[in-house]
Amino acid sequence: MYSTNGFFNHFGGKYVAEILRRPLDELEAAFKHFMSSQEFLDELHEIQRDYIGRETPLLFAPKATELLGGAKIYIKLEGLANTGAHKINNAIGQVLLAKHMGKKRIIAETGAGQHGLATAAACAKLGMDCTVYMGEVDVRRQQPNVAAMETYGAKVCAVTSGARTLKDAVNEAMRDWAAHPDDTHYVLGSALGPAPFPDIVRTFQSVIGNEVKRQCAERKIEIGAMVACVGGGSNSIGFFSPFIDEKSPRLIGAEAGGIGPNIGENASRMTGNASREGIVQGYKSRFLLDEDGQSLPTRSISAGLDYMGIGPQLAALGESGRVEFMSILDKEALEAVQFFAKNEGVLFALESAHAGAAAMKIAKQVPKDKAVIINMSGRGDKDIFITSPVFRPKEWKAFLESELERLNEEKDIHQAKLMGGNK
Ligand SMILES: *Cc1c(COP(=O)(O)O)cnc(C)c1O
């Protein structure tokens with residue numbers, strides 16, 4: 001299951017500047033050490049139980065099962081984890097590790113803000129100083145998450161280099177880490193990047209798959225297929241993890257098909273026609289690249305899947321055929337949000353809805369006495385700014401206008417009162 005010297009077949013590796021080798025080697029040694037320390041594991045389990053709220057439920061979905069007319073549908077409710085998604089599993093694990101390593105300061109990159117939010121919360125919980133690098137463009141369009149990070153006490157650093165989005169935030173975080181390796185740990189947000197990050201992130205996320213395995217054994221559920229959405233690949237690899245070395249069940253990854261198959265219309269790294277092997281930001285994997293190896297634009301309605309690269313282990317598992325990949329359109333993801341909300345009372349995040357949509361497509365291929373398990377990586381409350389303009393455009397616009405008006409009118413009186421006259 002672990003990489004061999006940081007490689008999964010020929011994917012992975014540690015293609016970094018000399019200056020980052022030492023902190024990466026130190027991290028690998030510390031990870032191995034603490035993951036075999038009972039004291040560390042006991043502390044981790046206690047936080048997982050009391051702070052994250054584990055284990056998360058495995059919910060039977062009777063109406064979806066009936067309507068889809070095939071396998072029994074189950075939903076792993078990762079969205080019930082504190083902060084609303086699976087990202088907290090990795091953030092808590094890495095921040096706790098850093099604390100035991102004697103680090104004082106945490107840095108992280110974030111695109112849409114979900115990983116930054118999870119890291120900020122984990123740092124608040126564990127008493128660590130937190131700086132989150134975020135492209136200036138993302139800071140502007142992801143204000144709700146920026147506000148949440150600042151409420152948790154994190155410093156959000158707007159990155160003004162390059163295209164001022166996720167890729168530039170990663171570069172800036174790497175630069176910071178290279179300059180402060182002694183007191184700082186870099187919490188990488190998905191199962192990618194230079195070794196040992198893919199192994200570390202998968203290990204902390206495999207709590208999802210391990211719970212599913214136990215829950216299914218206890219309830220005598222026979223799994224036919226498991227479906228997860230794939231951005232960088234952390235929720236999927238953690239969900240699949242205990243099943244990878246077995247022949248069954250089918251493991252299915254749902255990528256962002258965006259609005260179509262053309263370049264710039266999707267983020268399909270395994271199924272798309274602009275997919276190439278390359279080495280980007282420290283690891284070898286499949287990326288959306290042009291002929292010169294430059295990154296191509298991506299597109300998805302779900303911010304968490306809108307990324308040019310995929311984790312190296314998933315690239316290897318896709319090549320070997322153990323994990324199948326499907327591309328799901330924005331439109332299909334939106335339909336899945338509505339389907340599971342109406343029929344099961346569960347509001348999927350747009351990312352997770354890609355897994356929901358993939359499950360809807362394959363349910364009939366799986367025998368009725370077996371289960372299809374969907375990993376609902378996050379809940380959809382955060383998506384109201386994306387889904388409302390689609391589902392109820394007129395009403396949403398009127399709402400935003402009235403909010404602006406209210407702010408302008410009440411600004412002076414109210415804010416002064418609430419902030420004790422300080423602002
Ligand atoms: C970030 C995110 C994803 C995608 O990231 P992975 O590393 O592929 O799991 C999926 N779902 C949600 C809810 C997210 O926030």
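Just so you know, ligand 1 is whichever comes first in the structure, and atom 1 is the first atom listed for that ligand. Every value quoted in this text rests on a predicted model; they were computed, and no experiment measured them.
- Using cut-offs of 30° and 60° on the angle between ring planes, the pair Tyr2 and Phe31 is tilted.
- Remark: ligand 1 and Gly233 share an N or O pair separated by less than 3.5 Å (distance only, no angle test).
- A 4.5 Å side-chain heavy-atom check between Leu44 and Leu97 finds every atom pair outside the cut-off.
- Using a 4.0 Å cutoff on heavy atoms, Ser236 does not count as a contact of ligand 1.
- One finds a salt bridge joining Glu28 and Lys32 here, because a Lys/Arg side-chain nitrogen approaches an Asp/Glu carboxylate oxygen to under 4.0 Å.
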Taking distance alone, no hydrogens or angles, what donor-acceptor pairs closer than 3.5 Å link side-chain atoms of residues 251-258 to residues at least two apart or in another chain?
residue: Glu255; atom: OE1; partner: Met270; partner atom: N; Å: 3.0
residue: Glu255; atom: OE1; partner: Thr271; partner atom: N; Å: 3.0
residue: Glu255; atom: OE1; partner: Thr271; partner atom: OG1; Å: 2.9
residue: Glu255; atom: OE2; partner: Arg269; partner atom: N; Å: 2.7
residue: Glu255; atom: OE2; partner: Arg269; partner atom: NE; Å: 3.1
residue: Glu255; atom: OE2; partner: Met270; partner atom: N; Å: 3.0

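- Against a heavy-atom cut-off of under 4.0 Å, Gly378 is close to the following atoms of ligand 1: 13 (C).
- Atom CG of residue Asp383 and atom CD1 of residue Ile301 lie 8.5 Å apart, to the nearest 0.5 angstrom.
- For Ala191, no nitrogen or oxygen atom sits less than 3.5 Å from a nitrogen or oxygen atom of ligand 1, counting backbone and side chain alike.
- Contact of the Glu109 side chain with the Tyr186 side chain is registered, since non-hydrogen atoms from C-beta on lie closer than 4.5 Å.
- Those atoms of ligand 1 that come under 4.0 Å of a heavy atom in Gly231, given as number and element, are 8 (O).
- Residue Gly232 places at least one N or O, backbone or side chain, under 3.5 Å from an N or O of ligand 1.
- The protein atom (non-hydrogen) at minimum distance from atom 6 (P) of ligand 1 is Ser234 N, 3.3 Å.
- If you check which protein heavy atom lies closest to atom 12 (C) of ligand 1, you get Ser377 OG, 3.5 Å.
- Among His354, His115, Lys87, the residue whose heavy atom sits closest to atom 1 (C) of ligand 1 is Lys87.
- One finds a salt bridge joining Glu172 and Arg175 here, because a Lys/Arg side-chain nitrogen approaches an Asp/Glu carboxylate oxygen to under 4.0 Å.
- Pairs engaging residues 212-241 under the salt bridge (charged side-chain N to carboxylate O under 4.0 Å, His left out) rule: Glu55-Arg214, Lys213-Glu246, Glu222-Lys370 [sequence neighbours left out].
- Considering only non-hydrogen protein atoms, atom 4 (C) of ligand 1 sits nearest to Gly304 O, 3.4 Å.
- In terms of polar-atom proximity, defined here as any N/O pair under 3.5 Å, Ser352 makes no such contact with ligand 1.
- Ligand 1 places these atoms under 4.0 Å from at least one heavy atom of Gln114: 15 (O).
- No side-chain heavy atom of Phe240 sits less than 4.5 Å from a side-chain heavy atom of Leu317.
- Residue Lys382 has no N or O atom closer than 3.5 Å to an N or O atom of ligand 1.
- The shell of residues lying under 4.0 angstrom from ligand 1, judged by heavy atoms, includes His86.
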